[in-house]
Structure formats: structure tokens, C-alpha cells
Amino acid sequence: MRSLPLVFFPPVLNCDLHCHSICSDGLLPAESVARRAAANGVDLLALTDHDSLDGLAAARAVAEEAGMAFVNGVEVSIEWGGLQIHILGLNFDAADARLNGGLAAIRSGRIERAQRMAADLERVGLYGTFDGAMALAANPSLISRSHFARHLIESGVCKDMRSVFEAYLIPGRPGYVEHRWATLADSLDWIHGAGGVAAVAHPGRYRLSRADMRRFLGEFKDRGGAAIEVMSGSHTPEHIEVYSRLAREFGFLASRGSDFHGPNESYIDLGRLPSLPDGLEPVWQAF
């Protein structure tokens, strides 16, 4: 594992280690995300675009200008047990060749997948969704379900993101197409090889039984995974209680992130999450 230079942060009160820009499926440029985070009182920010490092330099420049601490981040798409799961990489070397190569491999099939999604939506009478989604994707190589969902909302098919995903784009619904993502081993090898810390993103969102979640977390830990996102914009109070308990049981560091994608679309704004529950060791202490 590559060792990064130690970074010493002032006492951190408000960390947001999960958010997105137009470099993946967010609505704002990376600079605007960082500027909004600073305005909201964030002390430490990680930009974690899906499978892309493109926005890191711009976000870091704004953070430094605003006096806000910043670490590199990414949200890696993997497949485990037939489900798509996301692994956060934090505080890594963004120039690492293996990490960049692995992320490029994940991105390479997204356009072809989007074409198949559009063809599936045509079967239920929804035409023009590929062009509509591509028009909303600032980075076409990272076109995603979110871009299709936004197009369906703008077209009046659905009223909001929740209703789109209830009707389309998830397993068993029109428009859902499987894609070959990275493996858990791949993602952890890339993150650790670049000197970073790996965390499970929003575990409460995965349709895993309790037994399967424990099995996944056990494999994640055995492969060197260090942290779990306890505080997430999409987590309910019950999720927070469950994953606080599992963090203690497995000895994981605890992460905190809004999963902000844009104004009026996200569960919660940048830096607006409650603090981590007492008794958990924050992941930023490992940076």
C-alpha cells in the first residue's frame, strides 16, 4: 500500500465525505459543490463522484481558497451478490495509475448500457429517453440512471426521483439493465494501492438480508475495508442505530456524508447531517 503524506486537520466539527458534481451524476460543477459546502460550514469535504476523479482538482482549489480542508474521494461501483453496491475511497493519491485504469474500465460500458436501457423503456412506450438522458449528462461517459430519471421527470412521466425509481430503472422494472461493475476485491485493491481508506457507502440502501449484510461486511473487513457510512442523507434513524451497532461490532471507523447531488433533489444539503453518534471513531481520524 502506498503511504500518503500525513495531513493534519484542525479539530473537525462538520465533515461531509460523500457528494457529487456534474463530473458524474450531480447537478453542480465541482467548484460550486465545494463553494456550497464551505458556505454551509463544512470543515472537511470529500468530493466522491461515481467512478471519476475529474472534479477533484477544481474542488480542492476552491476548498483551499475558502480555508476548508479537503481530501480526494471517489464512489466506486461494484457488484456483490448480484447487487450493485458502492464503495467510497477517501484520502488517496489521485494520480495512481491502477486506480485510474480501474475506474476507466468501469466507465467504458456505460453508454452501451444506456442504449440498452432506452431500448427497454421503448417497450413500454417511452421513446427518446437515450437522447434525453444524454442531454442531461455533462460527462457522457458517466451517463447513469439518475440522468434517465431526470429526463423522465422533465418529460412529465413521473413527478420526482422517488416515483421514477419506484416505477422504472430498478431490478424488475422497465429500463433496468445489468452492467459488469468492479468486484469488491478490485475496488479495495485500487483504493488501498493508492494509499486510501475504503468505506461502505449508505449501507441502508442495499436490499440485503441481515445475514447477507453481515457476510458482506465480514468480507469487506477481511479484505482490509476500514469504515462504514453511518450517517448518510438516505439513512433513517433506524439505519443509524443499526449501522452504529455494526460499526462497533466489526471495529469499523464511522463515516458521515450527505450524498448531495444538487439543490431540491437530494435527501439533505451539504454539511447538514447530524453529528456521528457517541462512541464511534470517525474515519477522518485515519487521514
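This chain uses plain numbering: 1 for the first residue, then up along the sequence.
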One pair to check against side chain to side chain contact (heavy atoms under 4.5 Å, CB included): Glu79 and Ile85. What are the steps and the verdict? CA-CA 6 Å; Glu79 182 180 343; Ile85 290 177; over 6 Å; no

Verify the cluster assignment for Leu53 and Trp181: are they in a single hydrophobic cluster under the rule of side-chain heavy atoms below 4.5 Å apart? yes

Which atom pair, heavy atoms only, marks the closest approach of Phe70 to Leu44? N-CD1, 3.9 Å

Give a yes or no on whether the backbone of Phe287 and the side-chain of Asn91 come within a donor-acceptor separation of less than 3.5 Å. no

Keeping the roles fixed (side chain from Ser52, backbone from Asp54), state whether a donor-acceptor pair exists under 3.5 Å. yes

Is it the case that the side chain of Asp269 and the backbone of Arg272 share a donor-acceptor pair, with hydrogens and angles ignored and the cut-off at 3.5 Å? no

Side chain to side chain contact (heavy atoms under 4.5 Å, CB included) assessment of Met231 paired with Ser255: CA-CA 7 Å; Met231 298 301 300; Ser255 193; over 6 Å; no

His20 and Asp259 side chains, donor-acceptor separation under 3.5 Å: yes

Donor-acceptor contact below 3.5 Å, side chain Arg150 vs main chain Arg145: no

Heavy-atom pair with the smallest gap, counting every atom of Ala30 and Leu47: CB-CD2, 3.9 Å

A quick test of your reading: do over 12 heavy atoms of other residues, nucleotides or ligands sit less than 6.0 Å from CZ of Arg248? yes

Answer yes or no: is there a donor N or O on one side and an acceptor on the other, between the side chain of Asp212 and the main chain of Leu208, under 3.5 Å? no

Heavy-atom side-chain proximity of Phe220 to Val200 below 4.5 angstrom: yes

Stepwise, does the side chain to side chain contact (heavy atoms under 4.5 Å, CB included) test hold for Leu152 with Thr129? CA-CA 8 Å; Leu152 292 174; Thr129 58; 4.1 Å; yes

pair Arg214-Glu249: side-chain heavy atoms closer than 4.5 Å: yes

Just by distance, do the side chain of Ser232 and the backbone of Glu229 share a donor-acceptor pair under 3.5 Å? no

Distance-only check: which donor-acceptor pairs under 3.5 Å involve side-chain atoms of residues 235-242, not counting sequence neighbours?
{"residue": "His235", "atom": "ND1", "partner": "Val230", "partner atom": "O", "Å": "2.8"}
{"residue": "His235", "atom": "NE2", "partner": "Gly204", "partner atom": "N", "Å": "3.0"}
{"residue": "Thr236", "atom": "OG1", "partner": "Glu238", "partner atom": "N", "Å": "3.4"}
{"residue": "Thr236", "atom": "OG1", "partner": "His239", "partner atom": "N", "Å": "3.1"}
{"residue": "Thr236", "atom": "OG1", "partner": "His239", "partner atom": "ND1", "Å": "3.2"}
{"residue": "His239", "atom": "ND1", "partner": "Thr236", "partner atom": "N", "Å": "3.0"}
{"residue": "His239", "atom": "NE2", "partner": "Gly204", "partner atom": "O", "Å": "3.4"}

Would you kindly confirm whether Met161 and Ile268 end up in one hydrophobic cluster when ILVMFWY residues are joined by side chain heavy atoms under 4.5 Å apart? no

State the CD-CD1 distance between Gln115 and Ile143, to the nearest 0.5 angstrom. 9.0 Å

Heavy-atom neighbours of Asp222 CG exceed 12 at 6.0 Å: yes

Mind checking whether Val197 and Ile191 have side chains closer than 4.5 Å, heavy atoms only? no

Calculate, to the nearest 0.5 Å, the distance between atoms CG and CZ belonging to Leu28 and Arg36 respectively. 6.5 Å

Answer yes if the ring centres of Phe252 and Tyr243 are under 6.0 angstrom apart, and no otherwise. no

If hydrophobic clusters are built from ILVMFWY residues whose side chains come within less than 4.5 Å, do Leu27 and Leu142 share one? no

State yes or no: do Ile170 and Ile78 share one hydrophobic cluster built from I, L, V, M, F, W and Y residues joined by side-chain heavy-atom distances below 4.5 Å, directly or via other members? no

Not counting sequence neighbours, list each pair that qualifies as a side chain to side chain donor-acceptor pair (under 3.5 Å) and has a residue in residues 164-173. none

In terms of side-chain geometry, is the basic nitrogen of Glu112 or Arg116 positioned less than 4.0 Å from the acidic oxygen of its partner? yes

With a 4.5 Å heavy-atom cut-off, do Ser24 and Glu75 have their side chains touching? no

Any donor-acceptor N or O pair under 3.5 Å, side chains Arg107, Asn139: no

How close do Leu103 and Val74 get, heavy atom to heavy atom, and via which atoms? CD1-CG2, 4.0 Å

Keeping the roles fixed (side chain from Arg113, backbone from Val177), state whether a donor-acceptor pair exists under 3.5 Å. yes

Which value, rounded to the nearest 0.5 Å, describes the distance between Ile153 atom CD1 and Ser163 atom OG? 6.5 Å

Walk me through it: do Met117 and Phe148 pass the test side chain to side chain contact (heavy atoms under 4.5 Å, CB included)? CA-CA 9 Å; Met117 290 169 62; Phe148 277 86; 3.6 Å; yes

Which heavy atom of Asp25 sits nearest a heavy atom of Ser144, and at what distance? CB-OG, 3.5 Å

Quick one, Arg60 and Asn72 - any side-chain contact, counting heavy atoms below 4.5 Å? yes

Whether the side chain of Asn14 engages the backbone of Asp43 through a donor-acceptor N/O pair (distance < 3.5 Å, no angle test) should be reported. no

From Phe130 CZ over to Leu121 CG, what is the distance, rounded to the nearest 0.5 angstrom? 12.5 Å

Ion pair Arg223/Asp189, N-O distance below 4.0 Å: no

CD1/Ile228 to CG/Leu280 distance, rounded to the nearest 0.5 angstrom? 10.0 Å

Where do Pro274 and Arg256 come nearest, in terms of heavy atoms and distance? O-NE, 2.9 Å

Check Ala198 against His192 and note the closest heavy-atom contact, atom names and distance. CB-NE2, 4.0 Å

Give the cluster check for Ile22 versus Leu136: same hydrophobic cluster or not, with ILVMFWY residues linked at side-chain heavy-atom distances below 4.5 Å. no

Check for a donor-acceptor pair, side chain of Thr183 on one end and backbone N or O of Asp186 on the other, with a separation under 3.5 Å. yes

Checking ring-ring contact (aromatic ring centres under 6.0 Å, His included) against His18, which of His261, His50, His86, His202 comes through? His202

Separation of Leu270 CG from Phe260 CZ (nearest 0.5 Å): 5.0 Å

